[in-house]
Amino acid sequence: MNNVTIAIQADAPIGTISPRLYGHFAEHLGRCCYDGLWVGADCDWTPHEDGFRTDILEALAALPTPLLRWPGGCYADHYHWRDGIGPASTRQVRLGMSCGLQVQDDNSLGTHEFLALCKRIGAEPYLAGNMGSGTPQELCDWIEYCNSSVDTTLARERAANGSAQPYGVKLWGVGNENWGCGGNYDAVTYANEYIRYATMLQHVDPTIEMVACGLEDEWNTVLMKALKRVPSLIQHISIHRYWWNGGPEIDFSDEQYYALLAEAAETEKLIISTEAILRAEMGDDHKVGIALDEWGVWHPEARGWDDGKGITPRKPTTYEQAGTLRDAIAAAIALEGFHRHCHVLSMANLAQVVNVLHAPIMTQGAKFWLTPTYHLLRLHTPHLGAEALQVQVTSPPSLPDETPAVSATASRTTDGSYAVTLINRHLTELATITLTGVTAPSVHSAQILTADHPRAVNGPEAPDNVAPVSITVEGDTVSGWSLTLPPHSIASVVFGA
Ligand code: AHR
């Protein structure tokens, strides 16, 4: 057993936890959009609202889903927005391409459908534009079509297709992974091309926020050096981080369990190194946010390639994987880092929202279930929009690599309530916690997410195998609060008046 003290530093705020840090990503890949979110307006085998599955809509609205990125991913650099507007019968049937898959894409889920989805679930839309096979004019036209209040032919076309009012989409990606699937650019060429695109896009709508494609150190340095002379052309730099090294999706060893959690924790280092480049190139008062617009675990079974480490990818490739309690703990570890860097991290989108990769929601035919990661995200809801606070954890170094098993993140809302989320990574040992520094006098809710083993999953026949349950938290503001964390668990406690 580990005895741990956690001191919330109520006088040491880090910044506001933007709801955009709890964003999601919906790509036209596998069954994320088609046969996932979207079953089509004529579907008669599952309840839907104008083509979107009702069970998914309700789950996403409840999560909540403050931000949704679409339509890619690699798909974005093949996507031509005009294919997805107008009467369904006139839409182009195209080759849908992303990550090596080629499918028939009837474009029935297009701009108006996606923006209606966002409205229904309360999400801010983030449209990823095509640089790889598009033109600046094509992307200018998409922005004009969505946002212009001037009575132009494109605005009239939008009105004729159902939206007289401009949509006011703020977030626009200028390409995706353009160092790879989005055109195999070198950094200098991308930077110059980005400046050309961004200049033209900003003329169409000066209020948009543009997201440039980043990577890691060298690429980001070259990009920011180029943008130094035109800093108003970049609002966010996109970085992606997948975790690869946790072994099998379910039958992982103890070592692999800890390896995945350690890799998730490393995500914070990418944010730190990206921030260092922004400061070095743009100065300490720069306004560029870091958009971690794809993140999560990508298990070997769900890859389109064999990495030669002994786990054969499933065929055919669907990019679908089991989501265990381990994956939820890994996500919780990453979220702690997001809170610690909320002063510079401007958004984070889990990849992907339904069925594909680290999905919080899965479907199989009419069946539907929530993964442990869904529950984990829901436990974090009180942090959205709250002020992140520094947390001092005193925990023995009880993990195999001599690091502490317990960590925590805390926030405070303007009405004085506190949310504290705690993780016990240890595979076998429980932890007793003493929590101090919370000035709110009562426990409003206390829940825990755990299972017999971190390999536990939910599935079509056992949708509630892993789900949060209530726990007891005792104490007061003077002597502190105490609770017990079982091994491999995540707890969420909300204190209020
Ligand atoms: O999320 C799957 C893919 O991963 C995306 O299409 C791409 O951006 C990334 O490589």
Residues [X] and [Y]: side-chain donor-acceptor under 3.5 angstrom:
X	Y	answer
D186	T189	yes
H236	D293	no
Y145	N161	yes
D141	Q137	yes
H383	T421	yes
N349	Y126	no
H28	S98	no
R69	N176	yes
S108	E113	no
D205	N147	yes
Q352	H24	no
E387	T413	no

Does a salt bridge link [X] with [Y], judged by any charged N lying under 4.0 Å from a carboxylate O?
X	Y	value
D151	R156	yes
R241	E268	no
E249	R314	yes
K287	E209	no
R94	D105	no
K119	E124	no
K228	E281	yes

**OP:** State the CZ-CE distance between F338 and M347, to the nearest 0.5 angstrom.
**Re:** 12.5 Å
Original post:
Got a second to check how far T46's OG1 is from D55's CG, nearest 0.5 Å?
Top reply: 5.0 Å
Subject >> Stepwise side-chain hydrogen bond (donor to acceptor under 3.5 Å, both in side chains) test for E216 and S273 >> reply: CA-CA 8 Å; E216 302 213 2; S273 63; over 6 Å; no
Can you label the angle between the [X] ring and the [Y] ring as parallel, tilted or perpendicular, going by 30° and 60°?
X	Y	answer
W243	W295	tilted
W70	F114	parallel
W81	W142	parallel
H341	H343	tilted
W298	Y242	perpendicular

Subject >> Of V354, N355, V356, T318, the residue whose pairing with R31 passes side-chain contact (heavy atoms from CB on, under 4.5 Å) >> reply: N355
Original post:
In this structure, are over 12 heavy atoms from other groups packed under 6.0 Å from D415 atom CG?
Top reply: yes
**OP:** Would you please test C181 and C74 for disulfide (SG to SG under 2.5 Å) and show each step?
**Re:** CA-CA 6 Å; C181 65; C74 295; 2.2 Å; yes
Subject >> Stepwise side-chain hydrogen bond (donor to acceptor under 3.5 Å, both in side chains) check, H358 with T373 >> reply: CA-CA 8 Å; H358 197 155; T373 294; 2.9 Å; yes
**OP:** Quick one: do Y194 and L227 satisfy side chain to side chain contact (heavy atoms under 4.5 Å, CB included)? Show the steps, please.
**Re:** CA-CA 9 Å; Y194 175 83; L227 278 158; 3.9 Å; yes
**OP:** Tell me, with the steps shown, if L171 and L67 meet side chain to side chain contact (heavy atoms under 4.5 Å, CB included).
**Re:** CA-CA 10 Å; L171 285 164; L67 172 66; 3.6 Å; yes
